[in-house]
Amino acid sequence: MRVEAQSADSIDADVVVVPVAEGGQAPPGAGDGVDERVRELISSGEAGTEFASIAVVHENGRRLAVAGLGKLADADAVRTGVANAARETRRIGGTLAYVVNPALDIDAAEQARAAADGLVFATYDTRKWRSGEITGKK
């Protein structure tokens, strides 16, 4: 896994995770009309802002994952949102970008750290620690 910071204008990822707090707005300046599209998805009910909600849509040749953070919108909500987006889009593979939302009560560095943690948590598989072969039988 490689983590890097980019300006919103140059986001080139297969999946773009857009975090939105309950009752909040999409992060401004996400590029390519992303914030406008996210507002449309939320107002139509196709995407939610409740904690752990996720909606994945195609937009301009890539996937947008609108991650609902709920009322609290803390680092745990960001971790959960990114983990859900990664699990939801696992079958397509590729790169994932998280758009920092300046409207949240946590700073950009903490959002980035929580997003990276969420990506790691999404790929963690506890089945590898089982003592026997994974057969579906007990």
Side-chain angles (χ1 to χ4, degrees):
M1 173 173 51
R2 184 180 74 197
V3 178
E4 62 184 56
Q6 296 178 352
S7 70
D9 302 351
S10 64
I11 294 176
D12 184 27
D14 299 306
V15 178
V16 177
V17 181
V18 182
V20 184
E22 195 166 312
Q25 295 282 338
D32 292 338
V34 168
D35 47 351
E36 181 180 324
R37 179 67 173 129
V38 170
R39 279 194 296 275
E40 291 171 4
L41 291 167
I42 292 170
S43 66
S44 73
E46 191 171 342
T49 59
E50 301 81 24
F51 178 74
S53 68
I54 191 78
V56 180
V57 297
H58 281 91
E59 185 69 27
N60 295 333
R62 64 179 170 196
R63 287 173 174 80
L64 288 180
V66 181
L69 303 181
K71 292 179 183 176
L72 190 54
D74 58 2
D76 183 51
V78 171
R79 271 190 295 278
T80 301
V82 171
N84 288 343
R87 284 186 204 105
E88 189 72 22
T89 59
R90 179 181 299 160
R91 63 182 166 67
I92 64 162
T95 57
L96 185 139
Y98 172 83
V99 179
V100 172
N101 190 337
L104 300 180
D105 289 336
I106 55 177
D107 65 22
E110 189 172 353
Q111 286 185 58
R113 186 173 27 259
D117 289 347
L119 187 58
V120 170
F121 292 158
T123 61
Y124 187 74
D125 184 3
T126 59
R127 294 180 299 173
K128 71 179 181 180
W129 298 107
R130 290 185 179 180
S131 59
E133 185 179 323
I134 299 172
T135 61
K137 297 179 183 178
K138 290 186 178 184

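- Ion pair E36/R39 not flagged as a salt bridge, since none of the NZ, NE, NH1 or NH2 atoms sits closer than 4.0 Å to an Asp/Glu carboxylate oxygen.
- By the 4.5 Å heavy-atom criterion applied to side chains, E59 and V34 are not counted as neighbours.
- No side-chain donor-acceptor contact under 3.5 Å links N84 to the backbone of I54.
- Checked options V99, V82, V100; the residue passing with Q111 is V100 (criterion: side chain to side chain contact (heavy atoms under 4.5 Å, CB included)).
- Screening D12, V15, D14, V16 for a side chain to side chain contact (heavy atoms under 4.5 Å, CB included) with T95, the sole residue that qualifies is D14.
- Distance check, rounded to the nearest 0.5 Å: OG1 of T80 to CZ of F51 gives 3.5 Å.
- Proximity of I42 to V38: side-chain heavy atoms (C-beta onward) are separated by under 4.5 Å at one or more points.
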Full working for side chain to side chain contact (heavy atoms under 4.5 Å, CB included) between Y98 and V18: CA-CA 6 Å; Y98 172 83; V18 182; over 6 Å; no

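- In plain terms, the two heavy atoms of V17 and A67 that are nearest each other are CG1-CB, 4.0 Å.
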Does the pair V20 and L69 meet the rule for a side chain to side chain contact (heavy atoms under 4.5 Å, CB included), with working shown? CA-CA 6 Å; V20 184; L69 303 181; 6.0 Å; no

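- Looking only at distances, no side-chain donor or acceptor of D117 sits under 3.5 Å from a matching main-chain atom of R79.
- Between P19 and N101, the closest heavy-atom pair is O-ND2, 3.0 Å.
- Side-chain contact check for D35 versus P27: every heavy-atom pair is 4.5 Å or farther apart.
- Residue G23 comes nearest to T49 through the heavy atom pair N-OG1, 3.7 Å, listed as atom of the first residue, atom of the second, then distance.
- When the side chains of ILVMFWY residues are joined at heavy-atom separations under 4.5 Å, either directly or via intervening members, L96 and I92 end up in a single hydrophobic cluster.
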Stepwise, does the side chain to side chain contact (heavy atoms under 4.5 Å, CB included) test hold for L64 with R37? CA-CA 9 Å; L64 288 180; R37 179 67 173 129; 4.0 Å; yes

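- Put simply, the side chain of V57 does not reach to within 4.5 Å of the side chain of R63, judged on heavy atoms.
- For the pair S53 (side chain) and G48 (backbone), a donor-acceptor distance under 3.5 Å is present.
- For the pair E46 and A55, the tightest heavy-atom approach, listed with the atom from each and the gap, is O-CB, 3.5 Å.
- With hydrophobic clusters built from ILVMFWY side chains whose heavy atoms lie under 4.5 angstrom apart, L119 shares a cluster with I106.
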